[in-house]
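To keep things clear, I will list the structure first and then write my remarks on it.
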2 protein chains.
Amino acid sequence: MTRDTDSAVKKGTESHSLRHVAELAGVSVATASRVMSGSSHPVSEQTREKVLEAANQLSFQPNRLARALVTARSHTVGVLVHDISDPYFGEIVKGLEDGIHAEDYRLFVASSERDPQKELDYVRAFFAHQVDAIVFAASSLTDAAYAETLEAMAKRFTDGGGVIVVLSDHLLRGAKVWFDNKRAVSEMVRYLHRRGHRRIGYLTGPSDLEVSLVRLAGFTAAAEELGLDVGPENIANGHFTAVGGGEAMGELLDRVDLTAVLAANDLMAIGALRRLHSAGIGVPDELSVAGLDDIPIAEYGPVPLTTMRVPTYQIGLEGASLLLKALRKEDADDVHVTGEIVERDSVATIEPEQ
Amino acid sequence: MTRDTDSAVKKGTESHSLRHVAELAGVSVATASRVMSGSSHPVSEQTREKVLEAANQLSFQPNRLARALVTARSHTVGVLVHDISDPYFGEIVKGLEDGIHAEDYRLFVASSERDPQKELDYVRAFFAHQVDAIVFAASSLTDAAYAETLEAMAKRFTDGGGVIVVLSDHLLRGAKVWFDNKRAVSEMVRYLHRRGHRRIGYLTGPSDLEVSLVRLAGFTAAAEELGLDVGPENIANGHFTAVGGGEAMGELLDRVDLTAVLAANDLMAIGALRRLHSAGIGVPDELSVAGLDDIPIAEYGPVPLTTMRVPTYQIGLEGASLLLKALRKEDADDVHVTGEIVERDSVATIEPEQ
DNA sequence: CACGGCACGGCAAACGTTTACAAGGCGGCG
DNA sequence: CGCCGCCTTGTAAACGTTTGCCGTGCCGTG
């Protein structure tokens with residue numbers, strides 16, 4: 001006899017297994033499994049009800065780990081981000097979660113703080129927990145040893161049926177969700193142009209970051225296309241930070257006479273705003289300022305910032321959809337997401353000169 | 001014979017099990033398990049090395065699900081937050097993660113958006129995935145049916161050896177990390193008092209939120225203690241939002257003559273700042289403003305806000321430590337965390353009057 | 001009336017671990 | 001020289017599922 005034949009009695013605490021349900025319903029474990037897991041193997045309506053009733057009575061919850069062991073599907077996915085306290089990644093995670101919730105997948109979250117060692121650790125841990133997919137929301141690290149190890153691990157993972165999704169530029173291959181940074185900046189420049197601005201300055205980011213190069217390219221491309229006169233003196237490096245943005249704004253002020261300034265990210269734009277404020281220069285009356293990203297702060301800075309929203313939530317959502325498709329072995333194209341301009345109070349319409 | 005005796009050959013792709021390691025090392029699965037899991041059961045140094053070598057060669061990764069099945073410890077914990085895109089919760093999650101990383105635990109994250117149904121769903125899912133502990137970073141929802149169901153589920157969980165940790169005021173019992181909101185506000189009032197302020201206004205939050213009541217109590221208690229003259233006219237409701245804060249600030253302006261205003265949260269303080277700015281009232285020269293929470297925006301608003309930092313990261317960290325202790329069946333007291341004042345530019349020192 | 005097929009249910013193996021128990025070998029002690 | 005006990009290893013059961021395969025009974029059809 002099994003070691004607790006009294007199982008039909010105690011239905012108070014403790015967690016119950018399929019065996020308890022089966023016994024209570026007076027059927028075999030196999031049958032109980034079939035009804036609980038929605039198997040295609042037919043079960044009579046009568047026994048189905050008995051089982052359901054029993055399961056309900058015991059508040060039975062199937063053990064996903066056991067199920068995963070035999071089906072080789074854990075119904076979990078791991079997501080790796082650089083910093084979970086950054087709303088940028090928080091939004092992505094939220095999108096991912098909302099996207100996979102309906103299909104009953106769960107999310108492991110790991111925040112690497114850009115530490116290659118930690119990143120590898122976390123990925124390894126994901127493997128150990130048999131995740132069905134891994135999402136890289138973090139962007140590539142440059143450490144060579146890291147890259148090599150990661151690539152090898154990723155190969156094993158995909159060979160074993162694992163799915164990899166990439167939500168940023170990353171060395172790894174996998175289903176991809178793509179935000180076109182170059183185009184985004186170009187669009188902002190065209191927007192300023194439409195509003196009458198011709199003498200436009202640009203606050204750029206650190207030159208060793210891929211994304212800041214790409215965004216800069218978007219600026220120069222649009223300027224050329226529109227026949228704007230922007231030389232190197234129109235561009236200053238603000239290192240993607242608020243204080244850097246303030247200083248870069250100062251440089252521009254000393255150097256050139258502008259009607260508008262575009263910052264490669266919102267943080268620098270906010271810094272510029274602060275600087276202009278303390279210099280007594282009115283925004284947008286005397287000078288217009290625009291940013292890019294639409295971070296939460298953008299709305300609450302010295303003056304509400306006009307910027308372009310990067311659809312982080314949507315990126316997560318699309319990532320989830322890609323991931324689910326891949327798990328179903330459907331193939332799907334990479335998806336392309338675009339931002340939209342959110343107009344607040346920092347840009348004025350002026351009479352185009354020249 | 002086992003179905004793939006060729007296992008010793010293929011060490012390219014695919015994932016390997018303990019059996020493969022054992023075969024390659026020429027030992028039994030049990031022995032391999034003992035060395036890989038660091039069992040206390042003795043193994044000779046020689047065989048230990050053989051096994052390690054084999055595991056290394058195959059890049060063996062133990063399957064945590066299988067291990068969990070037999071040890072009844074999944075080495076996972078689930079955390080429930082209200083909104084993962086809110087840095088407040090992001091910081092908490094980061095602290096938690098950092099705290100459990102060393103002990104090799106992983107984190108399931110779920111963001112409920114304050115939806116009772118979703119919240120129950122997620123908790124149920126955590127159970128199904130056999131988490132060892134659940135952390136409630138979200139605060140209590142008032143829905144009665146929800147409360148009842150949750151309580152019942154929680155009881156089953158703890159009865160089964162699960163651990164519950166609570167990081168905010170919540171109906172659930174469990175190990176608790178506690179930030180004293182009342183004391184925090186009182187401390188801010190005392191701070192303003194030290195800086196010479198006697199006529200102080202207060203921007204309060206919605207009265208149906210426990211936390212805003214508690215914070216208000218902190219204000220009145222401190223005012224009384226210091227012999228400040230604060231009647232109802234000194235208090236306005238800003239609903240915890242930026243626009244609400246701006247409006248409430250307006251009311252106060254019409255009603256009383258103040259030297260300082262304390263907001264129950266930073267968002268309202270920022271709103272007040274904006275309002276004062278557009279009314280041409282200088283901060284801090286003509287009026288001082290202080291907030292509470294130290295959200296990221298606080299530093300970048302119209303004027304850098306003096307506020308009190310709620311140690312969210314530390315809350316997560318302490319939660320992790322509590323959780324690990326409970327899992328080890330050590331008992332631990334609830335922990336009490338305190339905030340610290342961060343002085344920026346929005347509060348002036350003045351000559352105390354009267 | 002016989003037989004084929006289908007609907008339904010059970011048996012048992014399998015997933016990858018851990019671990020209680022047993023067994024073998026060897027050294028030490030009486 | 002015999003026996004006890006320890007050190008090391010192996011055998012096998014167990015964790016909670018799913019699922020291939022088989023058996024039974026019933027119904028329909030020829």
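Just so it is clear: chains get the letters A, B, ... in the order the sequence lines come, proteins before strands, and each one is counted from 1.
A salt bridge does not link B/Lys329 with B/Asp331: every distance from a Lys NZ or Arg NE/NH1/NH2 to an Asp or Glu carboxylate oxygen is 4.0 Å or more. Between B/Glu113 and A/Lys94 there is a salt bridge, since a side-chain N of the basic residue sits under 4.0 Å from a carboxylate O of the acidic one. Checked for salt-bridge contact, A/Glu151 and A/Arg173 miss the test: no charged N lies under 4.0 Å from a carboxylate O. By the 4.0 Å N-to-carboxylate-O rule, B/Asp143 lies too far from B/Arg114 to be salt-bridged with it. A salt bridge links A/Arg64 with A/Asp104: the distance from a Lys NZ or Arg NE/NH1/NH2 to an Asp or Glu carboxylate oxygen falls below 4.0 Å. Of the charged side-chain nitrogens involved, at least one lies within less than 4.0 Å of a carboxylate oxygen, so that A/Asp98 and B/Lys118 count as a salt-bridged pair.
A/Phe60 meets the ring-ring contact (aromatic ring centres under 6.0 Å, His included) test with no other residue; sequence neighbours excluded.
Looking only at distances, a side-chain donor or acceptor of A/Ser168 sits under 3.5 Å from a matching main-chain atom of A/Ala138.
B/Glu49 places its CD atom 16 Å from the C1' atom of D/dT8, with the value rounded to the nearest Å. One atom, CG of B/Leu18, and another, C1' of D/dG10, lie 14 Å apart when rounded to the nearest Å. Rounded to whole Å, the distance from NE2 on B/His16 to P on C/dT17 is 12 Å. Distance CZ (A/Arg19) to P (D/dC15): 7 Å, rounded to an integer number of Å. Nucleotide D/dG10 holds its C1' atom 13 Å from the NZ atom of B/Lys50, rounded to whole Å. Rounded to whole Å, the distance from NE2 on A/His129 to P on C/dT17 is 13 Å.
At the heavy-atom level, B/Ser39 lies nowhere under 4.0 Å from the strands shown. Within the nucleic acid shown, B/Gln61 comes within 4.0 Å of sugar-phosphate atoms alone, with no base atom in reach, counting heavy atoms only.
A 3.5 Å limit on both hydrogen-bonding distances identifies D/dG30 as the Watson-Crick or G-U partner of C/dC1.
The side chain of B/Ser37 approaches C/dT18 more closely than any other nucleotide in the set D/dT9, D/dT17, C/dT18.
Within the 4.0 Å cut-off from OP1 or OP2 of D/dT9, at least one side-chain nitrogen or oxygen of B/Thr47 is found.
Applying a 4.0 Å cut-off to non-hydrogen atoms, the residues of residues 25-36 of chain B that approach DNA chain C are B/Val29, B/Ala30, B/Ser33, B/Arg34, listed by residue number. Within residues 62-77 of chain A, the residues having any heavy atom closer than 4.0 Å to DNA chain C are, in order of number, A/Leu69, A/Val70.
Judged by distance alone, the side chains of A/Ser74 and A/Gln130 never bring a donor and an acceptor atom under 3.5 Å apart.
Donor-acceptor pairing under 3.5 Å, judged by distance alone, is present between the side chain of B/His41 and the base of D/dT9.
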